[in-house]
Amino acid sequence: MSDTHTLIDSRPPSVATLFIDRVAATPDGEAYRYPVPAASGQGPDEWKSLSWAQAAERVHAVAAGLIALGVQPEERVALASSTRVEWILADLGVMCAGAATTTIYPSTNTEESAFILADSDSRVLIAEDAAQLAKARANRDTLPELAHVVVIDPAGAESEEGDPEGWVLTLAELEARGAEHLVKNPDAVTDRVAAITPDQLATLIYTSGTTGRPKGVRLPHDNWSYMARATVATGLITADDVQYLWLPLAHVFGKVLTSGQIEVGHVTAVDGRVDKIIENLPVVQPTYMAAVPRIFEKVYNGVAAKARAGGGAKYKIFQWASGVAREYATVSQDNFRRTGRASVPFALGAKHKVADTLVFAKIREAFGGRLRACISGSAALAPDIGLFFSGAGIHILEGYGLTESSAASFVNPGEAYRTGTVGKPLPGTEVRIADDGEILLRGPGLMEGYHRLPEKTAEVLESDGWFHTGDIGELSEDGYLRITDRKKDLIKTSGGKYIAPAEVEGQFKAVCPFVSNILVHGADRNFCTALISLDEPTILGWAEENGLGGKPYADVVASPQAVELIEGYVKRLNEGLQRWQTIKKFRLLPRDLDIEHGELTPSLKLKRPVVEREYKDLIDDMYAGSREA
């Protein structure tokens with residue numbers, strides 16, 4: 001048996017055991033860094049650290065506190081908070097108590113929060129602040145199973161008249177109660193951990209979904225233990241790494257990053273404030289970071305906009321350097337594939353050296369200067385953007401997985417990565433492509449099923465373990481997977497042609513530095529159209545230079561100048577498409593698509609039905625007068 005299979009097959013029975021083993025191995029090693037406001041109340045945040053032993057002390061206190069509240073094995077404890085170190089400690093505390101974490105995005109509205117709490121039968125809610133407490137309080141009468149709400153930030157989250165006695169307590173109070181419980185029952189937590197079996201429920205994650213009610217995905221401890229070992233087996237992370245973690249931990253992509261970290265024992269800097277990423281990166285100086293494609297698109301658009309604002313010569317240098325980056329990445333990847341060496345011809349190397357001095361080094365410095373790789377997931381990254389960053393020395397390794405597969409099923413392998421693919425399957429994961437192109441998966445990372453939805457489970461999970469992903473893809477001869485689209489999202493025109501809208505949308509994001517979101521429409525129509533929203537800072541910067549300074553976003557995108565600008569990029573897109581794929585008409589939206597209006601999922605995926613329903617009049621207007629109308 002190979003070392004990889006031995007590593008995976010000998011995995012611990014639970015995340016709780018994984019954590020305890022890590023603490024025992026490196027108690028004094030740095031586990032987490034987290035920001036706190038400066039002592040003076042002014043200036044940048046200060047970063048503090050927790051060793052593994054210090055983290056364990058708090059985790060055990062949380063676990064014992066939940067046990068003292070009467071939480072039983074596999075009972076659910078909901079966690080509604082942004083990404084912060086307390087999220088990780090609370091989640092580990094829940095699992096060390098033998099219970100299961102129900103994750104809730106802090107942006108989830110009151111109605112859907114109540115649905116998740118009720119459907120999961122959550123006994124305790126760990127809420128970030130008064131706003132999350134208020135959502136639970138508004139539905140308290142319909143949540144008889146919810147016995148307690150534990151608040152992380154207590155400001156304004158005091159008990160109110162009508163609250164049952166002891167219904168609200170702070171995280172500090174829970175930990176104090178746990179510490180007291182451990183004095184009287186020193187084995188309370190270790191006994192719970194010892195009793196956890198691999199098939200015991202660890203996490204219940206409700207898919208944000210692009211349609212319909214969210215479904216609770218049941219992920220047992222064995223899923224996460226497998227993910228921890230399989231991630232380390234890829235060789236992508238080491239004990240010397242520093243991870244910058246900002247992704248929503250309520251999402252499976254963020255959650256999986258905590259398992260591999262515990263297995264290998266490196267430090268993770270945790271701060272979920274998206275507006276702080278640019279400020280934090282030079283301070284944290286991470287060696288790797290995971291992100292969704294939208295972040296890389298925004299960075300690319302920001303760099304391009306800054307170059308454009310610097311004047312004609314500066315913008316020409318950026319455009320030249322961008323071409324060099326893409327050529328360098330393409331050639332080096334092709335050569336590595338053929339020879340095992342990422343070599344390039346001397347002339348290209350010389351050009352790249354100049355471009356590096358003028359452009360690329362500054363981009364790397366903005367990322368902290370030590371970034372070895374970024375992992376991109378949750379949606380497709382436009383290959384041109386991936387090639388640009390790769391050529392600039394920031395290697396973006398795309399991966400692929402779903403909530404139902406514990407986030408990671410494929411990842412690009414280190415030096416052998418290939419832009420435009422999501423890499424190879426993790427060790428222990430099987431893949432095959434169905435006759436209709438759908439990707440099927442089987443392996444230890446797959447969910448137990450949907451919570452209380454056996455019929456829905458049977459629709460996607462076959463009796464022999466094969467899971468239907470709903471995604472369409474292609475496998476290369478040497479095992480690299482390329483995702484082409486969602487099965488449900490494929491467009492069939494009235495002329496019978498199939499179009500993958502995500503592929504067209506990705507190509508447009510690569511050619512247009514102003515775009516924020518784009519939806520290609522054309523199902524049962526005789527041509528394709530698009531709804532486009534623009535990146536507000538970038539287009540407003542352009543507006544300043546083109547006689548539209550001071551105007552709000554909605555006025556700028558409604559101007560003939562902006563329409564003409566974007567029309568030029570649509571024409572460039574169409575030049576590289578098949579005739580039936582081309583965008584014949586488009587409309588610029590009066591605002592960007594966002595989570596708050598329900599148009600994007602919390603992981604920034606497009607909710608097509610919502611957008612198409614909301615902008616039905618704009619879509620219909622684009623087809624008015626055509627022969628099909």
Side-chain angles (χ1 to χ4, degrees), residues 15-16 18-19 31-36 45 47-50 52 54-63 65-66 71 76-97 99-108 113 116-117 120 122 124-133 135-136 148-154 157 169-172 174-175 178 202-206 208 219 224 243-262 267-274 276-277 280 284 289-290 403 406-407 602-603:
V15 180
L18 184 75
F19 177 68
Y32 304 106
R33 292 179 199 164
Y34 60 97
V36 295
D45 293 333
W47 285 81
K48 294 193 174 182
S49 294
L50 282 176
W52 287 105
Q54 290 169 327
E57 184 177 354
R58 292 195 63 182
V59 167
H60 282 216
V62 170
L66 293 171
V71 173
R76 268 71 70 196
V77 176
L79 187 43
S81 169
S82 61
T83 293
R84 51 192 293 169
V85 72
E86 291 89 352
W87 200 107
I88 297 174
L89 300 176
D91 180 44
L92 288 168
V94 171
M95 289 188 284
C96 284
T101 304
T102 301
T103 69
I104 302 177
Y105 289 97
S107 59
T108 304
S113 293
I116 293 172
L117 289 168
S120 63
S122 289
V124 176
L125 166 65
I126 299 176
E128 182 168 26
D129 51 24
Q132 301 302 324
L133 169 61
K135 294 178 189 177
H148 302 279
V149 180
V150 178
V151 185
I152 297 172
D153 289 337
L169 65 159
T170 67
L171 181 61
L174 178 71
E175 291 184 50
T203 314
L204 188 59
I205 297 183
Y206 281 78
S208 50
L219 302 174
W224 299 120
Q243 176 188 197
Y244 181 66
L245 177 57
W246 64 270
L247 285 168
L249 286 167
H251 186 265
V252 72
F253 187 20
K255 178 83 166 64
V256 75
L257 298 169
T258 65
S259 300
Q261 181 230 353
I262 295 171
V267 61
T268 290
V270 189
D271 187 356
R273 298 172 296 176
V274 177
K276 290 283 187 177
I277 294 176
N280 285 340
V284 173
M289 177 183 77
T403 304
S406 309
S603 57

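Under a 3.5 Å cut-off, the side chain of K135 and the backbone N or O of P106 do form a donor-acceptor pair. A donor-acceptor pair under 3.5 Å is formed between the side chain of W246 and the backbone N or O of A290. Put simply, the side chain of T83 gets close to the backbone of L249: a donor and an acceptor are under 3.5 Å apart. No donor-acceptor distance shorter than 3.5 angstrom exists from the side chain of Q132 to the backbone of I126, with no hydrogens or angles considered. Between the side chain of T102 and the backbone N or O of A78, no donor-acceptor pair lies under 3.5 Å. Of the possible polar contacts, none joining the D91 side chain to the V94 backbone as a donor-acceptor pair under 3.5 Å is found.
A pairwise comparison of heavy atoms in R33 and S49 identifies CG-OG, 3.6 Å as the closest pair. Heavy atoms only, all atoms of each residue included: D271 and P35 are closest at OD2-CG, 3.5 Å. Contact record, I104 with S113: CG2-OG, 4.0 Å, taken as the closest heavy-atom pair. For the pair L66 and L174, the tightest heavy-atom approach, listed with the atom from each and the gap, is N-CD1, 3.9 Å. Smallest separation of non-hydrogen atoms from A127 and V149: CB-CG1, 4.0 Å. Considering all non-hydrogen atoms of both residues, W87 and A250 come closest at CZ2-N, 3.9 Å.
F19 CZ to I262 CD1: the interatomic distance, rounded to the nearest 0.5 Å, is 6.5 Å. Annotation: the span from L92 atom CG to H60 atom NE2 amounts to 9.5 Å, rounded to 0.5 Å. Between I205 atom CD1 and I116 atom CD1 the span is 11.0 Å, to the nearest 0.5 Å. Within the model, atoms CH2 of W224 and OG1 of T258 stand 7.0 Å from one another, a figure rounded to the nearest 0.5 Å. In this structure, OG on S82 lies 8.0 Å from CG on D129, to the nearest 0.5 angstrom. Interatomic distance, T101 OG1 to L219 CG, rounded to the nearest 0.5 Å: 11.0 Å.
L79 places none of its side-chain heavy atoms less than 4.5 Å from the side chain of T103. Between E175 and L89 there is no side-chain heavy-atom pair separated by less than 4.5 Å.
Summarising the local packing, CD of Q54 is surrounded by more than 12 heavy atoms from other residues, nucleotides or ligands at distances under 6.0 Å.
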Side chain to side chain contact (heavy atoms under 4.5 Å, CB included) evaluation trace for L245 with I88: CA-CA 11 Å; L245 177 57; I88 297 174; 4.2 Å; yes

Report the C-alpha distance between L171 and R58 in whole Å, list the side-chain angles of each, state the deciding distance to 0.1 Å, and finish with yes or no for side chain to side chain contact (heavy atoms under 4.5 Å, CB included). CA-CA 10 Å; L171 181 61; R58 292 195 63 182; 4.0 Å; yes

Please step through side chain to side chain contact (heavy atoms under 4.5 Å, CB included) for the pair L18 and M95, ending with a clear verdict. CA-CA 11 Å; L18 184 75; M95 289 188 284; over 6 Å; no

Does the pair T403 and Y206 meet the rule for a side chain to side chain contact (heavy atoms under 4.5 Å, CB included), with working shown? CA-CA 9 Å; T403 304; Y206 281 78; over 6 Å; no

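Residues meeting the salt bridge (Lys or Arg N to Asp or Glu O under 4.0 Å) test with R84, sequence neighbours left out: E86, E128, D153. Residues satisfying the salt bridge (Lys or Arg N to Asp or Glu O under 4.0 Å) test with K48, not counting sequence neighbours, are none.
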